[in-house]
Trainee: 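Attaching a single structure in structure tokens format; questions to follow.
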Amino acid sequence: MPGSSFELAVRQPFSFARCLEYMARSPLESLYEVRGSSVIRLVRAAQEPEQGYGPVRSYLVEITCPDDEALYVRFLQDEPGSGQELEGVKRYIREWFDLDRDMKHWHQLSSGDPVMGKLAAEFYGLRIIGIPDLYEALCWAIAGQQVNLPFAYKLKARLAETYGESVSWEGCDYRRFPDPSALAEADIAELQSLQFTRAKSAAIIETAALMTRGELSRAGLLALGDFAAAEKALVGIRGIGPWTANYVRMRCLRDPGAFPIGDVGLQNAVRAQLGMDRKPTTAELKDLFAPWSGWEAYATFYLWHSLY
DNA sequence: ATCCAGGACTCAA
DNA sequence: TTGAGTCATGGA
């Protein structure tokens with residue numbers, strides 16, 4: 001029965017408009033659709049399918065937030081048949097928008113800062129838009145290694161179209177990123193034909209196999225105790241380097257101190273913000289970020305957003 | 001053709 | 001641990 005809905009309270013400050021502004025940055029996004037002041041997405045009713053609780057359904061939801069006080073979530077087609085599934089959807093959306101983050105310290109740090117103050121004010125209420133699904137986060141990061149963003153979006157869309165489930169609603173298709181089980185036994189040539197390099201293809205298949213075997217999971221990484229340990233585990237996988245690992249820490253594991261320092265987008269944003277005639281060096285980035293210790297991920301995200 | 005893009009790997013010091 | 005050189009691919 002479509003039309004059922006629920007609300008999710010948000011911590012202040014929160015700006016849904018700022019979040020949508022970030023999410024709408026590319027017309028090539030394939031996993032959700034921003035329509036004016038709402039977003040529509042096919043959401044899996046549980047994380048970690050590799051943990052072995054059988055097939056889990058997905059539900060098409062529309063999210064609005066008229067007053068920035070709470071997210072208003074409506075099921076557009078089916079609705080969850082159990083409280084457990086409903087909780088899965090809720091958990092996903094809380095992670096997606098980082099709803100449980102206490103932003104107080106960030107705003108204390110950034111408000112009077114010579115570099116970040118301006119961005120923090122301009123993007124007031126923007127949260128790091130997360131990628132709650134570990135496999136999606138890994139594949140998105142791997143796809144984005146050393147290629148321009150539009151091409152990365154195309155690669156992701158090809159994975160979703162080729163291997164992911166989809167539903168149709170009001171003439172539009174909505175896709176969900178494939179589960180690792182869909183790619184665990186794929187052939188490298190198969191992905192190369194989608195224009196992934198050999199190395200990226202191998203990494204995507206290898207991580208899928210690890211996850212399908214239960215040897216890699218979001219819960220497992222978080223259970224390692226600290227994010228450095230999670231990063232070490234990720235970097236141990238061929239094709240995953242420090243940038244990808246920190247990207248996943250930032251957008252999937254929800255570590256506010258993650259710092260993808262080698263990121264060229266970050267470097268270009270810093271260059272523009274500081275009016276430099278070249279990209280900053282690693283040492284310069286470390287110095288610049290020193291005042292934002294513990295919130296490097298948020299500083300990075302706000303700098304990314306400044307590029308658009 | 002040449003350079004850039006939200007890097008990773010290898011190998012040397 | 002850090003730095004240069006190499007690889008890889010599409011787009012401008």
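In the text below, chain A, chain B and the rest are named by the order of the sequence lines, each starting its count at 1. Side-chain atoms are counted along with the backbone in the values below, which use heavy atoms only and exclude waters and symmetry mates. Worth saying up front: this structure is predicted, and the values here are computed from it rather than measured.
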Trainee: What is the distance, rounded to the nearest whole Å, between atom CG of A:Asn268 and atom P of B:dC3?
Mentor: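 After rounding, the reported distance stands at 17 Å.
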
Trainee: For a salt bridge (Lys or Arg N to Asp or Glu O under 4.0 Å) check, start with the C-alpha distance between A:Arg158 and A:Glu161, then their side-chain angles and the critical distance, and finish with the verdict.
Mentor: CA-CA 5 Å; A:Arg158 286 176 192 150; A:Glu161 285 164 13; over 6 Å; no

Trainee: Produce a footprint string for nucleotides 1-8 of chain C: one letter per nucleotide, 5' end first; B if the base is under 4.0 Å from any protein heavy atom, S if only the sugar-phosphate is, - if neither.
Mentor: -------B

Trainee: Would you sort out whether A:Arg254 and A:Asp100 count as a salt bridge (Lys or Arg N to Asp or Glu O under 4.0 Å), showing the intermediate values?
Mentor: CA-CA 11 Å; A:Arg254 281 300 185 192; A:Asp100 295 320; over 6 Å; no

Trainee: What is the distance, rounded to the nearest whole Å, between atom CZ of A:Arg158 and atom P of C:dT9?
Mentor: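 Nearest whole value for this atom pair: 14 Å.
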
Trainee: Quick one, A:Glu122 with A:His305, criterion side chain to side chain donor-acceptor pair (under 3.5 Å). Give me CA distance, side-chain angles, the key distance, then yes/no.
Mentor: CA-CA 10 Å; A:Glu122 187 179 353; A:His305 195 37; over 6 Å; no

Trainee: Using whole Å, report how far CG of A:Leu234 lies from P of B:dG7.
Mentor: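 That distance rounds to 17 Å.
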
Trainee: Aromatic contact between A:Phe301 and A:Tyr22, with the criterion being ring centroids under 6.0 Å apart: yes or no?
Mentor: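 Yes: the rings meet the under 6.0 Å criterion.
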
Trainee: Over how many whole Å does the gap from A:Leu307 atom CG to B:dA5 atom C1' extend?
Mentor: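 After rounding, the gap between these two atoms is 13 Å.
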
Trainee: Measure CD1/A:Ile142 against P/C:dT9 and give the value in whole Å, please.
Mentor: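 Interatomic distance, CD1 of A:Ile142 to P of C:dT9: 16 Å.
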
Trainee: So that I can tick it off, tell me whether A:Asp133 and A:Arg176 are bridged by a salt bridge, with the cut-off set at under 4.0 angstrom between side-chain N and carboxylate O.
Mentor: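 No salt bridge links A:Arg176 with A:Asp133.
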
Trainee: Under the side chain to side chain donor-acceptor pair (under 3.5 Å) criterion, do A:Tyr163 and A:Glu190 qualify, and how do the steps go?
Mentor: CA-CA 11 Å; A:Tyr163 301 97; A:Glu190 219 171 304; 2.7 Å; yes

Trainee: Which nucleotide in the list C:dG10, C:dT9, C:dG11 gets nearest to the side chain of A:Val147?
Mentor: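 From the listed options, C:dT9 comes nearest.
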
Trainee: Once you measure the plane-to-plane angle for A:Phe97 and A:Phe14, does it fall in the parallel (<30°), tilted (30-60°) or perpendicular (>60°) bin?
Mentor: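 Perpendicular, since the angle between the ring planes exceeds 60°.
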
Trainee: Scan A:Gln195 against the nucleic acid and name what it touches under 4.0 Å (heavy atoms): base, sugar-phosphate only, or nothing.
Mentor: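 Contact class for A:Gln195: sugar-phosphate only.
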
Trainee: Using atom CG of A:Leu266 as one end and atom P of B:dA5 as the other, report the distance to the nearest whole Å.
Mentor: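 Answer to the nearest Å: 13 Å.
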
Trainee: Is there a side-chain contact between A:Lys154 and the phosphate of C:dG11, meaning an N or O under 4.0 Å from OP1 or OP2?
Mentor: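 The answer is yes; a side-chain N or O of A:Lys154 sits under 4.0 Å from OP1 or OP2.
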
Trainee: Within the structure shown, what part of the strands sits under 4.0 Å from A:Tyr22 by heavy-atom distance: base, sugar-phosphate, or nothing?
Mentor: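 The residue A:Tyr22 makes base contact.
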
Trainee: Would you mind checking if A:Arg218 and A:Glu95 are paired as a salt bridge, meaning a charged N to carboxylate O distance below 4.0 Å?
Mentor: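 A:Arg218 and A:Glu95: salt-bridged.
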
Trainee: Within this structure, what is the CG-to-C1' distance between A:Asp263 and B:dC4, rounded to whole angstrom?
Mentor: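 Value for this atom pair: 14 Å.
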
Trainee: Determine, for nucleotides 8-13 of chain B in 5'-to-3' order, which nucleotides have protein heavy atoms under 4.0 Å from the base (write B), from only the sugar-phosphate (write S), or from neither (write -).
Mentor: SSS---

Trainee: Given atom CZ of A:Phe151 and atom C1' of B:dA5, what is their separation to the nearest angstrom?
Mentor: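 Taking CZ of A:Phe151 and C1' of B:dA5, I get 11 Å after rounding.
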
Trainee: Answer yes or no for A:Arg101 and A:Trp106: cation-pi contact, defined as NZ/CZ to six-membered ring centre under 6.0 Å and angle to ring axis within 45°.
Mentor: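 No, A:Arg101 and A:Trp106 do not form such a contact.
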
